[in-house]
Chemist: 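Next up is a structure, given as structure tokens.
Within every chain, numbering begins at 1; the chains are lettered A, B, ... in the order of the sequence lines, protein sequences first and strands thereafter. The structure displayed is predicted, hence computed values, not measured ones.
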Protein chains: 2
Amino acid sequence: MARGRRPGTSSSREDIAGAARTQFAELGYDRTTIRGVAAAAGVDPALVMHFYGSKQRLFIETMQLPFDAPALADELAAGDRATVGRRVIEYLLAAWEQPHTRALFVGRARASASEPEAAKLLRDQITRELIGPLARSIGADRPELRAALVSTQLIGWVFARWILEVEALRPLDVEQAARVLGPALQRYLVEPLD
Amino acid sequence: MARGRRPGTSSSREDIAGAARTQFAELGYDRTTIRGVAAAAGVDPALVMHFYGSKQRLFIETMQLPFDAPALADELAAGDRATVGRRVIEYLLAAWEQPHTRALFVGRARASASEPEAAKLLRDQITRELIGPLARSIGADRPELRAALVSTQLIGWVFARWILEVEALRPLDVEQAARVLGPALQRYLVEPLD
DNA sequence: GTCTATAAGCAGATAGAC
DNA sequence: GTCTATCTGCTTATAGAC
């Protein structure tokens with residue numbers, strides 16, 4: 001067991017990060033303000049600047065995904081190729097049910113709509129770190145196109161379900177949604193495309 | 001032929017509308033400013049307010065779709081049920097190739113990420129005016145869910161192709177993209193969902 | 001680590017002259 | 001229909017005391 005007082009004299013840095021994630025997810029990039037984040041975290045706005053330097057760096061440093069994307073891609077690619085689409089969507093749908101993880105994805109999607117840097121971040125993470133490696137790992141033809149197609153469906157789900165909040169999608173639980181979306185991803189990932 | 005001078009002494013109103021559409025599409029809602037639109041249209045900012053009253057009304061009045069959605073839904077629903085998915089995506093992909101029409105869809109998607117009113121507008125138009133009626137017209141079970149699923153794929157395509165600008169999607173022409181996306185929409189619209 | 005004070009700028013909206 | 005001038009409020013960011 002750790003004894004004595006841990007380094008750092010307060011939890012302000014993490015309080016700020018948590019408040020930032022919530023606000024980026026709910027308000028988008030532009031409407032999230034340093035002042036608003038500071039107020040929600042119960043600190044002075046200047047302290048936010050002290051820790052993160054700028055609004056853009058606050059976004060980048062607090063909105064990183066908490067898992068190792070390439071490793072996850074390998075894990076999902078391993079196993080039966082006939083059910084890989086289902087595994088992918090099931091993993092992500094479960095992740096999006098958790099408010100903390102969902103905030104990261106929704107915040108990134110919202111920010112991408114107005115902040116080009118955020119769009120680049122999302123695009124690269126999708127094509128280069130998660131879905132891209134996954135598609136290559138599977139060994140199908142045209143992996144870049146397949147990864148991009150999978151991404152369209154994933155982004156569209158996040159946008160419709162959590163940003164537009166389309167009513168008809170709400171009653172679906174993870175298993176039902178996976179059953180509906182799985183075949184689409186399966187086709188994009190491994191089946192002949194035309 | 002119409003003779004004489006038409007009513008209205010200038011094209012300022014339409015100049016403003018055109019500039020607004022372009023900026024909403026490229027910058028999103030928050031970063032589009034009355035002042036910026038006025039500058040692009042070559043008029044005074046106060047003139048924008050004179051014509052449209054507020055920024056929100058400028059958005060709503062200039063970003064209306066130029067076609068009659070319910071009528072289009074009927075038109076697309078008529079014909080072979082086995083190819084309706086293909087007809088829908090072909091029509092929309094062709095529409096999105098035209099910069100003027102594309103600006104409306106992209107602008108609405110961008111705005112929906114930050115402005116709740118814009119999200120409501122997009123959600124209602126999708127579920128109540130275009131895809132919803134289409135799904136009901138076809139006569140499949142669970143039309144609301146089917147319409148919502150179709151919407152996820154359509155929004156995801158617009159977002160990935162025109163906002164994230166994913167490289168792998170760019171080389172596809174209308175016909176190629178329709179061949180890839182058609183089966184997904186076809187399944188969401190008429191095939192058994194699980 | 002935390003705060004006060006403030007710089008410097010841009011936003012939407014209004015009033016009213018012409 | 002068009003413009004000038006301005007109000008009011010907000011933003012990110014900096015400098016520096018404690």
Chemist: Choose from C:dC3, D:dG1, D:dC3 the nucleotide whose nearest atom is closest to any side-chain atom of A:Asp44.
Modeler: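 Output: C:dC3.
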Chemist: Which residues satisfy the salt bridge (Lys or Arg N to Asp or Glu O under 4.0 Å) test with B:Glu97, sequence neighbours excluded?
Modeler: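 Here no residue qualifies.
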Chemist: For residues 64-81 of chain B, which residue pairs qualify under side-chain hydrogen bond (donor to acceptor under 3.5 Å, both in side chains), counting only residues two or more places apart or in two chains?
Modeler: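 Sorted pair list comes back empty.
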Chemist: Taking salt bridge (Lys or Arg N to Asp or Glu O under 4.0 Å) as the test, write out the residues that go with B:Glu14, two or more places apart.
Modeler: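 In terms of salt bridge (Lys or Arg N to Asp or Glu O under 4.0 Å), with neighbours along the sequence ignored, B:Glu14 is linked to B:Arg21.
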Chemist: Starting from P on D:dG1, measure out to NE2 on B:His50 and report it in whole angstrom.
Modeler: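 After rounding, the reported distance stands at 5 Å.
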Chemist: Rounded to whole Å, how long is the line connecting atom OH of A:Tyr52 with atom C1' of C:dG1?
Modeler: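 Distance, rounded to whole Å: 14 Å.
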Chemist: Looking at residues at least two apart in the chain, or sitting in another chain, which of them share a salt bridge (Lys or Arg N to Asp or Glu O under 4.0 Å) with B:Arg110?
Modeler: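 With neighbours one apart ignored, the set is empty.
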Chemist: Enumerate the residue pairs fulfilling side-chain hydrogen bond (donor to acceptor under 3.5 Å, both in side chains) with a member in residues 126-137 of chain A, sequence neighbours excluded, ordered by first and then second residue.
Modeler: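 Output for this query lists A:Asp124-A:Arg128, A:Gln125-A:Glu129, A:Arg136-A:Glu144.
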Chemist: Within residues 106-120 of chain B, find the residues that approach DNA chain C with a heavy atom at under 4.0 Å, and present them sorted by residue number.
Modeler: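 When residues 106-120 of chain B is checked for heavy atoms under 4.0 Å from DNA chain C, there are no hits whatsoever.
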Chemist: Listed by chain and number, what are the salt bridge (Lys or Arg N to Asp or Glu O under 4.0 Å) partners of A:Glu167, not counting sequence neighbours?
Modeler: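 Result, salt bridge (Lys or Arg N to Asp or Glu O under 4.0 Å) vs A:Glu167: A:Arg170.
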Chemist: Take nucleotides 11-18 of chain C nucleotide by nucleotide from the 5' end and write B, S or -, depending on whether a protein heavy atom sits under 4.0 Å from the base, only from the sugar-phosphate, or from neither.
Modeler: BBSB----
Chemist: Which residues pass the side-chain hydrogen bond (donor to acceptor under 3.5 Å, both in side chains) test with B:Thr83, sequence neighbours left out?
Modeler: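 Once residues adjacent in sequence are excluded, the partners of B:Thr83 under the side-chain hydrogen bond (donor to acceptor under 3.5 Å, both in side chains) criterion are B:Arg87.
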Chemist: Within 45 degrees of the axis of the six-membered ring of B:Trp162 and under 6.0 Å from its centre: does B:Arg102 put its NZ or CZ there?
Modeler: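 Yes - B:Arg102 lies over the ring of B:Trp162, closer than 6.0 Å to its centre and within 45° of its axis.
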